[in-house]
Engineer: 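Input: one structure, supplied below.
Note that this is a predicted model, so its numbers are computed, not measured. First listed ligand is number 1; within each ligand, the first listed atom is number 1.
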Amino acid sequence: MPKILVTGGAGYIGSITAHLLARRGYGVVVVDDLSRGHQHNIGSLPFEKLNVVDTPALVGLLSLEHVDAVVHFAAYLSVGESVAKPELYFSNNVGGTLSLLNAMAKAQVKHLVFSSSAAVYGTQELPSIPEDAPFAPVSPYGETKLMVENVLRSLDRYSGLRSIALRYFNACGSDPESGLGEEHEPETHLIPLLLKAVVTGNPITIFGDDYDTQDGTCIRDYVHVADLAEAHLLALEKLLGGGASDAFNVGTGVGHSVLQVLRAIEEVTGRTVPYEMGPRRAGDPAVLVANSDKLQRVLGWKPRFADLVDIVETAWQFEKNKGKREYPK
Ligand code: UFG
């Protein structure tokens, strides 16, 4: 079976994808600098602690391990932080990826699955966003993802690097197979923060109710992390089977407002979520919903978790198990 290097494999989506690849029989090597990921997510998967800016170390590892393809997650992911510290985002997300791409060229590794984001689109007029919608990022985070996609398009043409960019919408939930879930520090994402508000009784702040949406709060497409991991596997199989470079949205095609997510949390937990209304957060587009027809048509992807309540249920199970959790061996 092919050998896959997973960068950022100690993170949320990265670790769940790495374990999925291993369960499906792939050889897996995880790389992470553990600055934001967690060692306990890696379990017994082969692991090298390094930052992807270390090109020589990556070249050595890619060659030594005879890596066939890379799935590249290692990046910072917070829209708000990227607005406050754009330089950090450009150097880590773009600089780190350029280093990886250099290493791949030197080690002659020709296949890459890249963690891109719906943030490349920004605010759109359409009810759901197809892949050929115009790019219009409204945060440095989104800019970094678009810059890397542009580099990948160029390398396809000039270096023969075959890559698939997966533009995630809002990843959430916990993975029933590995038992892993969302543990960002600090946490900025809606669903874990709503659950934290339920558990602690401290109100969550909702960032704006004056958007041009039905209830005034932002609308997002919440996609379960296990379905997201499956999309990486399909993309990888496509590339390893000789497929061309491409980009796909990964979302369910259904949008939920912040208040609708809050109601789903109340339904699942049976408790009231304390909240207060606050101002808008910089860098937030009003509506981001995927048109994922292409992913379904070309890669045969189908979400296992299509219902928001089912997704939230898995996040609640993870939250309830905090402290007594068993991590993968
Ligand atoms: N929100 C709140 N209060 C909070 C946290 C979030 O109201 O305390 C709102 C946000 O304003 C937004 C929605 O909940 O409207 C979702 O926010 P998240 O921070 O959970 O997620 P984002 O939509 O900002 O970002 C996520 C990923 C990005 C990706 C984007 C694409 O983190 O990497 O989805 O949709 F680019």
Engineer: Please work out whether the ring planes of H232 and F73 are parallel, tilted or perpendicular, with thresholds of 30° and 60°.
Structural biologist: tilted

Engineer: What atoms of ligand 1 come closer than 4.0 angstrom to any heavy atom of S117?
Structural biologist: 29 (C), 36 (F)

Engineer: Please collect all salt bridge (charged side-chain N to carboxylate O under 4.0 Å, His left out) contacts where either partner lies in residues 25-50, sequence neighbours excluded, each pair once.
Structural biologist: R36-E81

Engineer: Of all the atoms in ligand 1, which lie at a distance below 4.0 Å from a heavy atom belonging to T188?
Structural biologist: 5 (C), 19 (O)

Engineer: Just by distance, no angles: are the side chains of N249 and Y121 close enough, under 3.5 Å, to form a donor-acceptor pair?
Structural biologist: yes

Engineer: Show your working on side chain to side chain donor-acceptor pair (under 3.5 Å) between Y141 and S78 and close with a plain yes or no.
Structural biologist: CA-CA 7 Å; Y141 169 75; S78 166; over 6 Å; no

Engineer: Against heavy atoms of N170, which atoms of ligand 1 measure under 4.0 Å?
Structural biologist: 16 (C), 21 (O), 22 (P), 23 (O), 25 (O), 26 (C), 31 (C), 34 (O), 35 (O)

Engineer: Among L288, I129, V120, L193, which one puts a heavy atom closest to atom 8 (O) of ligand 1?
Structural biologist: L193

Engineer: Which of the atoms of ligand 1 are close to H189, meaning less than 4.0 Å from one of its heavy atoms?
Structural biologist: 18 (P), 19 (O), 20 (O), 21 (O), 27 (C), 32 (O)

Engineer: Under 4.0 Å from a heavy atom of C218: which atoms of ligand 1 are those, numbered in the order shown and with their elements?
Structural biologist: 15 (O)

Engineer: What residues, two or more places apart in sequence or in another chain, satisfy salt bridge (Lys or Arg N to Asp or Glu O under 4.0 Å) together with E65?
Structural biologist: K3

Engineer: Quickly, which of L233, V250, L228 forms a side-chain contact (heavy atoms from CB on, under 4.5 Å) with W301? Name it, please.
Structural biologist: V250

Engineer: Please state which part of T205 comes within less than 4.0 Å of ligand 1, counting heavy atoms only: side chain, backbone, both or neither.
Structural biologist: backbone

Engineer: At less than 4.0 angstrom from any non-hydrogen atom of D284, what atoms of ligand 1 do you find?
Structural biologist: 10 (C), 11 (O), 24 (O)

Engineer: Check each heavy atom of R281 against ligand 1 and say whether those closer than 4.0 Å belong to the side chain, the backbone, both or neither.
Structural biologist: side chain

Engineer: Would you say the side chains of N102 and T55 form a donor-acceptor pair under 3.5 Å?
Structural biologist: no

Engineer: Please confirm whether Y12 comes under 4.0 Å of ligand 1, counting heavy atoms of the residue only.
Structural biologist: no

